[in-house]
Amino acid sequence: MNTEIAVELLKELQRTTEQLPKYDQSLVQKVIEETNRKQEQLHEMVKQKKYEDTISKTKLHILNYMIERNEQILTSYHLERGKKLIEMRWDFGSVIPNQIRENITQNEESFHHEYCQILEDYMNSLDLDLTQDHQPPSNDLYIEVRVLKDYGQIFIDGGQSIVELKKNSRLFLRRVDAENLIREGVLEHIISN
Amino acid sequence: MVLVQIKNLFQFFQNLVNSQEKQPILIFVAPDCDSICSCKILSFLFQTEMISYSIQPVEGYDEIEEITSKLRDSGIINQTIICINCGGNSDIYKFSNSELDWKFFIFDSHRPIHLENVFSKDQVYVFDDGSIQLAIPTLEPVNTELISPFLSKELEEDLSFENDEDLEDSDFSDIENNENIENIENLSENNENNENNENIENIENLSENEQNSDDFEQEIISVKRRRKKKPKKKDQKTMKISPLIENDEVISELDKYKKNKTNIEKYYSTTTYGLSTSVMLYTLSTQLNRKNPKLLWFAILGLTEHYLLEKIGHRDYLEIVKDFQEEVSYYFPVNNPEKSQSLDSLRFGDEYRLMLFRHWNIYESMLHSSFVASRLGVWKESGFSNLNVMLAKMGLPLDECKQDYQSMNLKLKEQLPQTFRKFAPQFGLKGLIFPSFFKKSAYDVEVTASDIVYLITSLIESAHLNIPQISDINKNFNSNEFSTQNEFSTQNDFKMENFWKAYDSLSNCSSDLFKNGIQLAIRIQKQIVSEGINLIERHSIVSSRSFRHAYLTELSGDRLFFKSATNLSKLGHFLIDIFRQSKKEVKPLILSSLIKEQNIYLVVGVSGTRSFGDISRNKFGQAFLNAATQIKAQIKRDRFESSVMEISIENMKNFMQVLHTLLN
């Protein structure tokens, strides 16, 4: 009865199997109404100066507490959903899949849109797509490889340099240059300590 | 060329790092322990700076030519090439041409360094430990135009070999000496010009990068000779000495010319070794503040290899050991037992010339170590019993000595240093003990520098064996398990694979590879000793006035190890040691092993001095060349050791005859 309705909201979020459950307008409404009622009760008591005895004081405290708690829960609810929306930008990109679209409100949609905009502007200013690599670059920017067969010459460093791949030689070069050839079986990554 | 002294090494490195060039650096590595260690150090330094490189092991100049010709054809303009223990004794610039902007950096311990590398090109940098600068002959400027009509017929013949068709098969290095004589003129002429026009330390021609570093410019002794176009035909020369040289000036110029020629010939007449390259590169790492115990260990290995293969003498070895001792105590202070157990630690200590005894047993090690075997004369009855007597006197029971060193009585092991120190001189084994370094890994047995040097060298010198890395637990560790190549097929060379196994073993040596490698080294050593004894007992060693000579024929089974020049050289040193001990005259020794499949003899010349531990200069490099040109024989002499060559079977007899006359 007291803040249970609000807690229901949170439980909904927790229980969901989907990315984002439908925005529970009714429940939120109920919580708001409940909070408002409590607020009115509080105001009444204060107006009537009914706070001299201990019981009344306690009641005031509890009312206050409940109001704050409801607010807190509502805020959490909306914030959680907001975070999920942000996450979605990084996971899916700026287009929200339709299933999820159905579950979010107009406000949330515009929140998402604005976030995307901000991110876009920031990335443009850096001239860098931050959403491409979710992991920091690994330690082996350069790796050591052994050449398994005579392959002739290849271009590396974006075409700036030429290397001759001769069997039984070893190279130390950028991972990105070597990866394709490792996959083809021409080169082999040497792991040493 | 630029002769860079050790103290300026770091500038070379900084220039490399700062250069905008993206082209991966090409590193040519000779196949020996010192080169591998150097390569390890260099690659570490490059990796820390994220500089790409490519490592190519090469055995001779023909392989270098093969690789560089492909690069030349593809028109790569900018290329940095580093040569480790190769390239020094040949005109390295011939692998490039004037249209390309290639730079060569030579770290080579072979001496003498080819004068072309020293005098002509800005593109060639040779790193000097000091010995190169000292050895360069003093050449006086000569007015060649004045004397050219009077040059002797002899010189004309020298020069005409350039065009000789018979030398087609032989490599550039065969004609190098003749080219040198021709170049005396060019050098003298340039010398003259330089004196008139330029400041010798002319920095304008240096590359842009170097111009940015002022200190470097002042320190470099850059002998700038502007290379004159070498005229192809010497059409100025006449065949006769004019008897009418009246002009004093001409006479003096002629004298100078002859003097220059003699000096140059003298410069090339003998070969020796300078500072080990891995030691030089360790110095580089120190200058860059990137030194660490791992690199120190590599440098120690390189130094030890030079010492054990008799490339440097006792005195030089000791000097460097002293420095390294300080380094070791800096990294691993004796009073600090808290040092983490999981790290490899080094320590300084006494080592004995008992090859690999800690991984073998004392008895067999004594029987088969070149040092002990030659001095005790273990193939003779008396020598054999001498060995037993010695062990008895030392208080080492025979059965203890014959079992694995690891399982030997602990107390005996602890007393070994004292025992050896006391008794070794009594049995003629003075010099058994020498200072060296030990490495202890956390979970492994302690190894010495010599152990690893033997391991690495054996791996490289076994091109005919495929050395397994994983052992089959059921198989006995009988070394016959190594699969051998078909005697008639030379295609299946495990040379390269073994090279890389040796290379990798320096970083993480699996215990199997270690065991197999030790087995291999023991096998090779046994073969060397037994072959040496064989040759002596059968009196197969022919002695003439100035050198001794022996043939090794019918190589099969383990004697196939003598297809490798290094093993032949080890055998040679062993034999010289025997002669030394038997008070016979110590003469240089030539060993020729017959390699039927290729229809050649592999000829190796070794020399030694009266006293063990001193290094003599080897004169076979030049002698082989002279003899071969005289009989116009086909020889292949493009390895990095000039005292090693291959000659066709037909020409061998003639060749030896001429060599006899030349040297006697």
Side-chain angles (χ1 to χ4, degrees), chain A residues 123 125-193, chain B residues 20-29 31 36 39-40 42-59 63-64 66-80 294 342 344 441 493-501 503-510:
Chain A
M123 291 200 291
S125 74
L126 292 178
D127 204 10
L128 196 65
D129 185 356
L130 294 168
T131 61
Q132 215 178 40
D133 300 299
H134 285 222
Q135 303 287 344
S138 52
N139 249 348
D140 41 2
L141 184 60
Y142 278 80
I143 54 171
E144 206 179 357
V145 293
R146 72 168 69 96
V147 181
L148 299 175
K149 36 183 139 161
D150 281 330
Y151 192 72
Q153 299 183 336
I154 57 162
F155 282 102
I156 59 172
D157 273 339
Q160 284 183 39
S161 327
I162 304 177
V163 184
E164 168 89 21
L165 294 182
K166 188 168 192 291
K167 186 174 177 195
N168 285 317
S169 61
R170 287 199 181 176
L171 290 175
F172 180 72
L173 70 170
R174 285 177 193 273
R175 180 179 260 282
V176 293
D177 290 323
E179 259 171 350
N180 278 329
L181 290 166
I182 293 177
R183 237 169 278 152
E184 279 183 48
V186 179
L187 299 176
E188 186 187 332
H189 184 25
I190 300 170
I191 307 155
S192 65
N193 48 7
Chain B
Q20 295 303 316
E21 228 171 84
K22 299 295 193 123
Q23 187 73 14
I25 297 176
L26 182 54
I27 305 179
F28 286 122
V29 183
I36 287 186
C39 195
K40 276 278 184 189
L42 198 58
S43 59
F44 172 82
L45 293 174
F46 283 156
Q47 284 180 6
T48 55
E49 296 289 340
M50 308 256 239
I51 297 177
S52 352
Y53 58 83
S54 150
I55 303 177
Q56 295 273 3
V58 284
E59 245 200 340
E63 293 187 22
I64 293 186
E66 203 189 306
I67 297 170
T68 49
S69 75
K70 279 198 202 147
L71 283 180
R72 283 198 300 271
D73 288 340
S74 59
I76 298 174
I77 308 280
N78 285 315
Q79 177 71 58
T80 304
K294 239 194 239 170
S342 64
D344 297 342
S441 313
D493 243 357
F494 302 111
K495 201 168 26 167
M496 282 298 178
E497 287 185 36
N498 294 347
F499 177 91
W500 289 117
K501 278 183 190 142
Y503 188 88
D504 288 329
S505 74
L506 283 178
S507 302
N508 38 4
C509 190
S510 74

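Please read these numbers as outputs of a predicted model, since none were measured by experiment. Throughout, a chain's letter reflects where its sequence line sits, starting with A, and its residues are numbered from 1.
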### Query
Taking the side chain from Gln23(B) and the backbone from Ile162(A), do they hold a donor-acceptor pair closer than 3.5 Å?
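Yes, because the side chain of Gln23(B) sits within donor-acceptor range (under 3.5 Å) of the backbone of Ile162(A).
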
### Message
Determine whether a donor-acceptor pair (N or O, by modelled atom type, separation under 3.5 Å) exists between the side chain of Thr80(B) and the backbone of Ile25(B).
### Response
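No, because the side chain of Thr80(B) does not come within donor-acceptor range (under 3.5 Å) of the backbone of Ile25(B).
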
### Message
I need the residue from Leu171(A), Ile190(A), Asn168(A) with the largest number of non-hydrogen atom pairs under 4.5 Å to chain B.
### Response
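Between Leu171(A), Ile190(A), Asn168(A), the count favours Asn168(A).
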
### Task
Let me know if Ile51(B) has heavy atoms under 4.5 Å from chain A in its side chain, its backbone, both or neither.
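Backbone only.
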
### Query
Checking Phe46(B) against chain A: side chain, backbone, both or neither under 4.5 Å from a heavy atom?
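Backbone only.
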
### Query
Using non-hydrogen atoms only, which part of Leu165(A) is less than 4.5 Å away from chain B: side chain, backbone, both, or neither?
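Contact with chain B involves no heavy atom of Leu165(A) at all.
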
### Query
Can you say whether the rings of Tyr503(B) and Phe499(B) are parallel (under 30°), tilted (30 to 60°) or perpendicular (over 60°)?
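Parallel: the ring planes of Tyr503(B) and Phe499(B) meet at under 30°.
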
### Message
Whether Asp504(B) and Lys40(B) form a salt bridge (side-chain N of Lys/Arg under 4.0 Å from carboxylate O of Asp/Glu) is what I want to check.
### Response
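So Lys40(B) does not pair with Asp504(B) through a salt bridge.
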
